[in-house]
Amino acid sequence: MYDLILKKRNGENLSKEEIYFIVKEFTNGNIPDYQMSAFLMAVYFSGMASKEITDFTIAMADSGEKIDLSTITGFKIDKHSTGGVGDKTTLVLAPLVAACGGKIAKMSGCCLGHTGGTIDKFESIPGFNTALTKEQFIENVNKIGIAIMRQTEQIVPADKLIYALRDVTATVDSIPLIAASIMSKKLASGSDGIILDVKTGNGAFMRKYEDAKKLAEVMVDIGGNAGRKTTAIITDMNQPLGYAVGNSIEVKEAIDTLNGTGPRDLMELCIELGGEMLLIFGLAKNNKEGKEKIINAIINGSGLKKFKELIKAQGGNPLVVENPSLLPQCKEKIEIKSEKSGYIKNINTCSIGIASQILGAGRKTRNDKIDLSVGIYLKKKISDKVIKGETIAVFHTDGNENKINEAKERFLNTYKINNKKINPPKLILAKVTKNKASNHI
Ligand code: URA
């Protein structure tokens, strides 16, 4: 290990055998944390070549259980978002694509973010079970074209161990390490194709566009090298996606979107990603035809019907679709008023995420319990006109004064208001396919 740290520290490339040695022996407990930390820091400063990153990713994917989806007929696609505030895209996109004939085998990890992850959002639906066995997962995809499963502990154990070290050694924000961490879990989940939604902006992990583009390129490169059809779309996260930020309130917004009455930005993103997925599946000749099919699945209600089938197949109550008041409801709603008149110029997306976490919608540590009923419902977004005293957001709370006051404090100054109207930010920024980033739309 000393020689390999030295080699990486000096900027040399490691062979596949050397990388496998590091990942396997660290996972088995034979390399001490101090040496692995030094190695991660060497990667942080020296980077990794394309082949090294792919080898590292595959070695991580090989460190644990891999899901074999070969008994599901046809091509399977997994979707991943690098995470943002109000991101309920999967809840809308997955049923729409499945309604158009695509096979969605979606595995999601547990989320530490400002609001819950996709799994928490699905689990807001009374009875919905994401702890499927592999057999149930495969059976459901075969039967109805879609299944959502909580990632098991056995998937990529190397990532858990390496991430824990990165977290305490200031090596989280290394593009090769992030890309390997995300893609190892996608490779182990067994799909043939991967669609990545890489967010950029003040509510995203990758704040700068250039970093998001680089991360997208590296992940697409890994996917391609590992034999998976991979496309990334880079999207704006300078304001929450849609209006709802929380868990059950995001499910309600997802249902509205499947009904065709959702927020414009969420609709646009689902249509874009859905069109691209149908293209990868070979179910559309081009992105335009793919998008038309997705729009049709909204108009003819087949996406919503598929969502109900999914809920039923996973033990949930499908009546939430007609009656969203069956979703967990908060105790008390509190209106937040604007202190100024003008036009919304800027939103501190991260602060909205933190405020909703304070209300109880997200976890600070892995074992925190979240309150599925709470969150923040925005009334205004960038470019909207607002009048002093008008409600700009509604806190959905459990009535706890301390939490409400702390969240309010966080929320103050979240909106920057100007006299001049500006245009809303462009949502879809670029598409990245193997070795190519193109400005898009
Ligand atoms: N998400 C992951 O899964 N891994 C990282 O390293 C960063 C974000």
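Values reported hereafter were calculated over all heavy atoms of this structure, with side chains retained and with hydrogens, waters and symmetry mates removed. In this text the structure is predicted, and so the values were computed from the model without any measurement. In each ligand, atom 1 is the first atom listed, and ligand 1 is the first ligand listed.
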For residues 247-255, tabulate all N or O donor-acceptor pairs below 3.5 Å that involve a side-chain atom, not counting sequence neighbours.
from	atom 1	to	atom 2	distance (Å)
N247	ND2	A361	O	3.0
S248	OG	P328	O	2.9
S248	OG	L372	O	3.0
E250	OE1	K121	NZ	3.0
E250	OE2	G246	N	2.9
K252	NZ	D256	OD1	3.3
K252	NZ	D256	OD2	3.0
E253	OE1	K88	NZ	2.6
E253	OE1	Y243	N	3.3
E253	OE1	A244	N	3.3
E253	OE2	Y243	N	2.9
E253	OE2	A244	N	3.2

Reported NZ-to-CD distance for the pair K291 and E272, which is rounded to 0.5 angstrom: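 Those atoms lie 4.0 Å apart.
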Would you please test S81 and D87 for side chain to side chain donor-acceptor pair (under 3.5 Å) and show each step? CA-CA 8 Å; S81 154; D87 188 4; 2.7 Å; yes
When only distance counts, is R166 in polar contact with ligand 1, meaning an N/O pair under 3.5 Å?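 Yes; the residue has a nitrogen or oxygen that sits under 3.5 Å from a nitrogen or oxygen of the ligand.
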N/O of S181 under 3.5 Å from N/O of ligand 1, yes or no?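 Yes; the residue has a nitrogen or oxygen that sits under 3.5 Å from a nitrogen or oxygen of the ligand.
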Against heavy atoms of Y163, which atoms of ligand 1 measure under 4.0 Å?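 Once the distances to Y163 are compared, the set is 5 (C), 6 (O).
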Which residue and heavy atom of the protein sit nearest [atom], plus the separation:
atom                   : value
atom 1 (N) of ligand 1 : I182 CG1, 3.8 Å
atom 3 (O) of ligand 1 : K185 NZ, 2.6 Å
atom 8 (C) of ligand 1 : F205 CE2, 4.0 Å

Between the side chains of K16 and D55, is the shortest nitrogen-to-carboxylate-oxygen separation below 4.0 Å, so that they form an ion pair?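 Salt bridge: no.
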Are the ring centres of F395 and F411 closer than 6.0 Å?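 Aromatic pair counts; centres sit under 6.0 Å.
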